[in-house]
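None of these values were measured; they are calculated from a predicted model.
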Amino acid sequence: MVEAFAVASGKGGTGKTTSTLALGMALAEDYDVTVIDADTGMANLLFHAGLDDADVTLHDLLIDERDAAVEDAVYDRFGMSVVPCGTSLAAFEEADPERLRDVVVELATGTDVLLLDSPAALGSKSAVLPIVLADRIVVVLQPTVPSLSDGLKVQEYAHSYGTDTAGVVFNRVRADENVDRIADQASRYFGGQTLASVPESDAVRAARREGKPLLAHAPDDPAADAFREAAARLDVRDGDGRDVAERFKSAVIPERI
């Protein structure tokens, strides 16, 4: 079985990468999970996963001249397979975003869940491709109307390419915010369900400084519990890896942004 989820937000600062790794660790209790940092322009998952010294990254796989093998960019971290992306601007400019499709095809046949940490904005082909390739999106929001608006833009784009919504994670929620009212609004416009409301936590920043996902650094933190709740509510669908790989091969590369 395999299903690909794009973790998306529509804006920066929502905690998308933290959410991707937290969901990945929680899902890895029951599934074989592969996490890909598909934010090729503003990558930072490698810092969250302690892979800032990785020899081979997604950038190497997206640059034809480097002739890197996919397995060389896969690292076993915290019970997951993690494909980090580099931070070099020069490598980003050289990378061919369409090669991401081939990387996903190869990884799809050997895992249960693919999580694509997607770029925040929709300003380029490299930014929208993860959303197009995924089966469904998990939208990470903060409980504000502007964040809802940005998330809806991502969902609208995803739906236009046949990618459904798995659900919404409200992240970095402060005690003084009326998340129930915002969640009620979200339920009218977003597909799926509200997966969890994750409280603001100092442990998140401390985890990044330590180079660990939140669930590895502070497994008993309330935010970690909330991400486990989100993962438990995420209904992973049973897809044949070979069929999914074939669908990725024939996925339409977006020409319009």
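- For the pair Ser19 (side chain) and Gly15 (backbone), a donor-acceptor distance under 3.5 Å is present.
- Looking only at side-chain heavy atoms (C-beta outward), Val169 and Val198 come within less than 4.5 Å of each other.
- With hydrogens and angles left out, the side-chain atoms of Thr87 and His59 include no donor and acceptor closer than 3.5 Å.
- The side-chain heavy atoms of Val70 and Leu107, taken from C-beta on, include a pair separated by under 4.5 Å.
- Across every non-hydrogen atom of Ser81 and Val74, the tightest pair is CB-CG1, 3.7 Å.
- For Asp37 (side chain) and Leu45 (main-chain N/O), a donor-acceptor pair under 3.5 Å exists by modelled atom type.
- Within the 4.5 Å cutoff, the side chain of Thr18 has heavy atoms near those of the Phe227 side chain.
- Counting heavy atoms of neighbouring residues, nucleotides and ligands inside a 6.0 Å radius, atom CD of Glu71 exceeds 12 of them.
- Side-chain contact between Thr34 and Val113 is absent, with no heavy-atom pair separated by less than 4.5 Å.
- Inter-residue side-chain proximity for Leu148 and Phe170 is flagged as met; some heavy-atom pair is nearer than 4.5 Å.
- Of all heavy-atom pairs spanning Arg237 and Glu3, the tightest one is N-OE1, 2.7 Å.
- Closest heavy-atom contact between Arg172 and Gly13: NH1-O, 2.8 Å.
- Here Lys11 contributes atom NZ and Leu141 contributes atom CG; the two are 10.0 Å apart, rounded to the nearest 0.5 Å.
- When atom types are taken as modelled, the side chain of Thr111 and the backbone of Leu114 share no donor-acceptor pair closer than 3.5 angstrom.
- Between Ile131 and Ala8, the closest heavy-atom pair is CD1-CB, 4.4 Å.
- Proximity of a side-chain donor or acceptor of Asp135 to a complementary backbone N or O of Ala4 within less than 3.5 Å is detected.
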Point to revise | Working for side chain to side chain contact (heavy atoms under 4.5 Å, CB included), residues Glu29 and Arg228 | key: CA-CA 10 Å; Glu29 294 293 325; Arg228 290 191 195 93; over 6 Å; no

Check your understanding: Checking side chain to side chain contact (heavy atoms under 4.5 Å, CB included) for the pair Leu195/Leu234: CA distance, chi angles, key distance, verdict?
Key -> CA-CA 7 Å; Leu195 299 171; Leu234 195 61; 4.0 Å; yes

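- A distance of 3.5 Å separates CG in Asp117 from OG1 in Thr17, rounded to the nearest 0.5 Å.
- When all heavy atoms of Gly12 and Ala120 are compared, the closest pair comes out as N-CB, 3.6 Å.
- Closest non-hydrogen pair, Ala6 versus Ala134, comes out as N-CB, 3.5 Å.
- Taking SG of Cys85 as the start and CG of Leu46 as the end, the distance is 8.0 Å to the nearest 0.5 Å.
- A donor-acceptor pair under 3.5 Å links the side-chain atoms of Ser88 to the main chain of Ala90, judged by distance alone.
- Looking only at distances, a side-chain donor or acceptor of Thr109 sits under 3.5 Å from a matching main-chain atom of Glu106.
- In this structure, the separation between CG on Leu100 and CD1 on Ile36 is 6.5 Å, given to the nearest 0.5 Å.
- The cluster map of Ile, Leu, Val, Met, Phe, Trp and Tyr, joined by side-chain heavy atoms under 4.5 Å apart, puts Leu116 and Met42 in different clusters.
- Judged by distance alone, the side chain of Ser201 and the main-chain N or O of Pro199 form no donor-acceptor pair under 3.5 Å.
- Panel note: side chain Lys16, backbone Val140; no donor-acceptor pair is recorded below 3.5 Å.
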Practice item. Please lay out, stage by stage, how Thr14 and Asn171 fare under the test side-chain hydrogen bond (donor to acceptor under 3.5 Å, both in side chains). Key: CA-CA 7 Å; Thr14 60; Asn171 191 34; 6.0 Å; no

Point to revise | Test side chain to side chain contact (heavy atoms under 4.5 Å, CB included) applied to Thr165 and His159, step by step | key: CA-CA 8 Å; Thr165 305; His159 288 186; 2.9 Å; yes

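- Under the 3.5 Å distance criterion, the side-chain polar atoms of Asp221 are left unmatched by any main-chain donor or acceptor of Ala218.
- In this structure, CZ on Phe92 lies 11.5 Å from CG on Leu58, to the nearest 0.5 angstrom.
- Looking at Leu21 and Leu214, their side chains never come closer than 4.5 Å, going by heavy atoms from C-beta outward.
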Exercise for review: Decide side chain to side chain contact (heavy atoms under 4.5 Å, CB included) for Phe190 and Gln155; before the verdict, give the C-alpha distance in whole Å, the side-chain angles of both, and the deciding distance to 0.1 Å.
Suggested key: CA-CA 8 Å; Phe190 286 93; Gln155 177 176 262; 3.5 Å; yes

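- Arg208 contributes no side-chain N or O that, together with a main-chain N or O of Ala49, makes up a donor-acceptor pair within less than 3.5 Å.
- One finds a salt bridge joining Glu200 and Arg205 here, because a Lys/Arg side-chain nitrogen approaches an Asp/Glu carboxylate oxygen to under 4.0 Å.
- Between Asp102 and Arg99 there is no salt bridge, since no side-chain nitrogen of the basic residue lies less than 4.0 Å from a carboxylate oxygen of the acidic one.
- When hydrophobic clusters are built by joining Ile, Leu, Val, Met, Phe, Trp and Tyr residues whose side-chain heavy atoms come closer than 4.5 Å, directly or via intermediates, Leu61 is not grouped with Ile63.
- Considering OG1 of Thr20 and CE of Met25, their distance stands at 14.0 Å, rounded to 0.5 Å.
- In this structure, Arg136 does not pair ionically with Asp164, as no charged nitrogen and carboxylate oxygen lie closer than 4.0 Å.
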